[in-house]
Number of protein chains: 2
Amino acid sequence: MPSALDRQVTSALIRKLESITALSEVEREAIQSLPVRTQVFGAHQDIVRDGDTSSQCCLILDGWACRYKLLNQGKRQILSFHVPGDIPDLQGLHLPSMDHSLATMKHTTVAFISHESLRALTARLPDLAALLWRDTLIDAAIFRAWMTGLGRRSADERIAHLFCEMYLKLQAVGLAGDYRCPMPITQMDLADALGLTPVHINRVLMGLRSRALITLRSRTLVIEAWEELMEVAEFDPRYLHLDRRAA
Amino acid sequence: MPSALDRQVTSALIRKLESITALSEVEREAIQSLPVRTQVFGAHQDIVRDGDTSSQCCLILDGWACRYKLLNQGKRQILSFHVPGDIPDLQGLHLPSMDHSLATMKHTTVAFISHESLRALTARLPDLAALLWRDTLIDAAIFRAWMTGLGRRSADERIAHLFCEMYLKLQAVGLAGDYRCPMPITQMDLADALGLTPVHINRVLMGLRSRALITLRSRTLVIEAWEELMEVAEFDPRYLHLDRRAA
DNA sequence: CGACCCTTTGAACCCGCTCAAAAATGGTGG
DNA sequence: CCACCATTTTTGAGCGGGTTCAAAGGGTCG
């Protein structure tokens, strides 16, 4: 039985979905009626682990998370960053076991939604099912953009590209504006996301700073020159499929 | 109105889907009744281009295709390889425009299925909708595996990993066995898929050959030492989610 | 205010790249 | 069936973007 608190809680999801497409009143209502269980995690804690079989999805309400894979010798690849409104493990609805882990980057609040209630929702509202499907497809589109960076872009370009992407993602859910946004990740995290070393990330970051493109301090990113940054990154926002808001 | 030929044609799709999960008789019948338009492409031809808006999906019947993104200065990143039974642009069902291109690697036959008829199918058979959704989720899981390679694996490991993956994918649809499979791609294609240069691919390939792990000749891959190859690649087949057949 | 994590700096090194050319392969037409 | 041409593979030598290892500064949070 969803409580009044639940209804507030899922508004993060509604805002996110509305950044992708319009919702009907019935759909909004159905989402608000989802029963959820909220939980608070400290920084750098695993929410789900590689190999786990879960019966629920994790909606981020506040904070940041990342998905990652671990290799031998402690090598780590971060696959994605997630912000409020995201459901990073939505794929779990149709894939039985996790092929990667999900962890917080900082103090983070999440809402767990059971697969059962999500399946009931998608069975009842096929348009909403299509929208959630679409969300996982955008997730995959972002993977493709990252792959392209990892395979074919220089260190500067990769960093610039990631900053463009995160800024727009955050802006779409109202968490960024005026060319500044939270960026609560360390240079080590950046390195593991971009396939580089922390030392090199640091040097490139200082380079971007000295070229007056960005500043990254106190876990806040300030984009000093949006146009030039996009140019360095060769950034084309189409892949984010944020149809409701222009880039 | 589907013809008798159509029914044969979609059997590639059925075989692929059954490599993922079991199909009911109704589902098989529904797939076989899909109206399709087949078309033959020569080698290295674009089927759909970055930016296109399409009203149909492309099912590969025979041959190989790849998805790729182009950057400035002719840089190319190959995002995935596709074999008979795959629908490489299934994401087009819910994403209006292509964020990458799709091209043949060799002489290839495809069947086009209209979004319209696919949407009718998924509306009528929710379980089949879930299965197609699941197929796109596996697609994304493969992206994650590639990202991990591009970001954190050495050249040897990346090549070994790709060969393990392609062998299992082909085996799942009956196109490989006995540790050999078709591999109709050039070293330049491998380079663009793995974020390396053709020259380096060549040197690493010769290294793997001299270590008696694989041979790649006449567009055929022979895996001489499956266990060792998997070890080099640090390969874990779980991400392919091929539940029906053991790896 | 102390401890720990994070960022910054330096110097040597190496994996994979670049450019160039030769050898092998394979598809095509005569 | 063979000769031809284009594409692909192979080889060589030098180079460079990013790494490695180590240690010194800075923030930040209990």
Side-chain angles (χ1 to χ4, degrees), chain A residues 42-45 63-64 66 71 73-78 103-107 149-160 162 182-210 214-221 232, chain B residues 42-45 63-64 71 73-78 103-107 149-162 182-210 214-221 232:
Chain A
H44 312 296
Q45 286 191 275
W64 276 50
C66 74
L71 277 70
Q73 296 154 337
K75 283 182 289 188
R76 180 176 69 143
Q77 177 65 42
I78 291 182
T104 59
M105 313 293 302
K106 55 171 297 202
H107 195 263
L150 288 167
R152 287 298 181 225
R153 280 192 232 272
S154 69
D156 312 25
E157 295 163 350
R158 284 183 223 182
I159 295 185
L162 179 64
M183 189 63 62
I185 63 185
T186 66
Q187 296 185 3
M188 211 187 82
D189 296 325
L190 274 177
D192 283 341
L194 300 175
L196 299 165
T197 55
V199 171
H200 197 58
I201 290 282
N202 182 267
R203 293 186 169 129
V204 172
L205 233 30
M206 292 194 302
L208 294 176
R209 215 169 297 170
S210 74
I214 56 119
T215 54
L216 180 56
R217 213 184 323 160
S218 322
R219 307 283 110 122
T220 298
L221 171 68
V232 168
Chain B
H44 313 296
Q45 286 191 275
W64 277 49
L71 278 70
Q73 296 156 337
K75 284 182 290 188
R76 179 175 70 143
Q77 177 65 44
I78 291 182
T104 60
M105 312 294 301
K106 55 170 297 202
H107 195 263
L150 288 166
R152 288 298 183 225
R153 280 192 232 272
S154 70
D156 312 23
E157 294 163 350
R158 285 183 223 182
I159 295 184
H161 201 277
L162 179 64
M183 188 64 60
I185 64 185
T186 66
Q187 295 185 4
M188 211 188 84
D189 296 326
L190 274 178
D192 283 341
L194 300 175
L196 300 165
T197 56
V199 171
H200 197 58
I201 290 282
N202 182 268
R203 293 188 167 127
V204 171
L205 233 30
M206 292 195 301
L208 293 176
R209 215 169 296 171
S210 75
I214 57 120
T215 56
L216 180 56
R217 213 184 324 158
S218 325
R219 309 280 109 122
T220 299
L221 170 69
V232 168

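Chain A is the first sequence line, chain B the second, and so forth, proteins listed ahead of strands; every chain is numbered from 1.
Which of dT8(C), dG18(D), dT8(D) sits closest to the side chain of A155(A) comes down to dG18(D). Residue L196(A) places its side chain closer to dT19(D) than to any other of dT19(D), dT8(C), dT8(D). The nucleotide whose nearest atom lies closest to any side-chain atom of T186(B) is, among dA20(C), dT8(D), dC17(C), dT8(D).
Rounded to whole Å, atom C1' of dG12(D) lies 16 Å from atom NE2 of H200(B). We find that CD1 of I185(A) is positioned 20 Å from P of dG27(D), with the value rounded to whole Å. Rounded to whole angstrom, the span from the NE2 atom of H107(B) across to the P atom of dG27(C) amounts to 13 Å. Atom CZ of R217(B) and atom C1' of dA23(C) are 16 Å apart (whole Å). Remark: C1' of dA13(D) and CZ of R203(B) are 9 Å apart, rounded to the nearest angstrom. Distance CZ (R153(B)) to P (dC15(C)): 18 Å, rounded to an integer number of Å. L216(B) places its CG atom 15 Å from the C1' atom of dG26(C), with the value rounded to the nearest Å. To the nearest angstrom, P of dT8(D) lies 12 Å from CG of L190(B).
Contacts of R219(A) with the nucleic acid, taken as non-hydrogen atoms under 4.0 Å apart, involve only primed sugar atoms and P, OP1 or OP2.
The shortest distance between the side-chain N/O atoms of R209(B) and the OP1/OP2 oxygens of dT10(D) is below 4.0 Å. At the phosphate of dC5(C), neither OP1 nor OP2 sits under 4.0 Å from any side-chain N or O atom of Q187(A). A sub-4.0 Å separation between OP1 or OP2 of dT8(C) and a side-chain N or O of N202(A) is present.
Comparing G195(A) and S218(A) by the nucleotide of DNA chain D whose heavy atom lies nearest to each, the residue mapping closer to the 5' end is G195(A). A residue-by-residue look at T197(B) and M188(A) shows that M188(A) has its nearest nucleotide of DNA chain C further toward the 5' end. Mapping S154(A) and V199(A) onto DNA chain D via the closest heavy atom, the residue that lands nearer the 5' end is S154(A).
When atom types are taken as modelled, the side chain of T220(A) and the backbone of P182(A) share no donor-acceptor pair closer than 3.5 angstrom. Judged by distance alone, the side chain of R152(A) and the main-chain N or O of L196(B) form a donor-acceptor pair under 3.5 Å.
Taking 4.5 Å as the limit, some side-chain heavy atom of L205(A) sits within range of a side-chain heavy atom of L190(A).
A side chain to side chain contact (heavy atoms under 4.5 Å, CB included) with I159(A) is found for one member of L216(A), V232(A), L194(A) and no other, namely L194(A).
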Next item on the list: Could you go through the side chain to side chain contact (heavy atoms under 4.5 Å, CB included) check for M206(B) and N202(B) one step at a time?
Entry: CA-CA 6 Å; M206(B) 292 195 301; N202(B) 182 268; 3.4 Å; yes
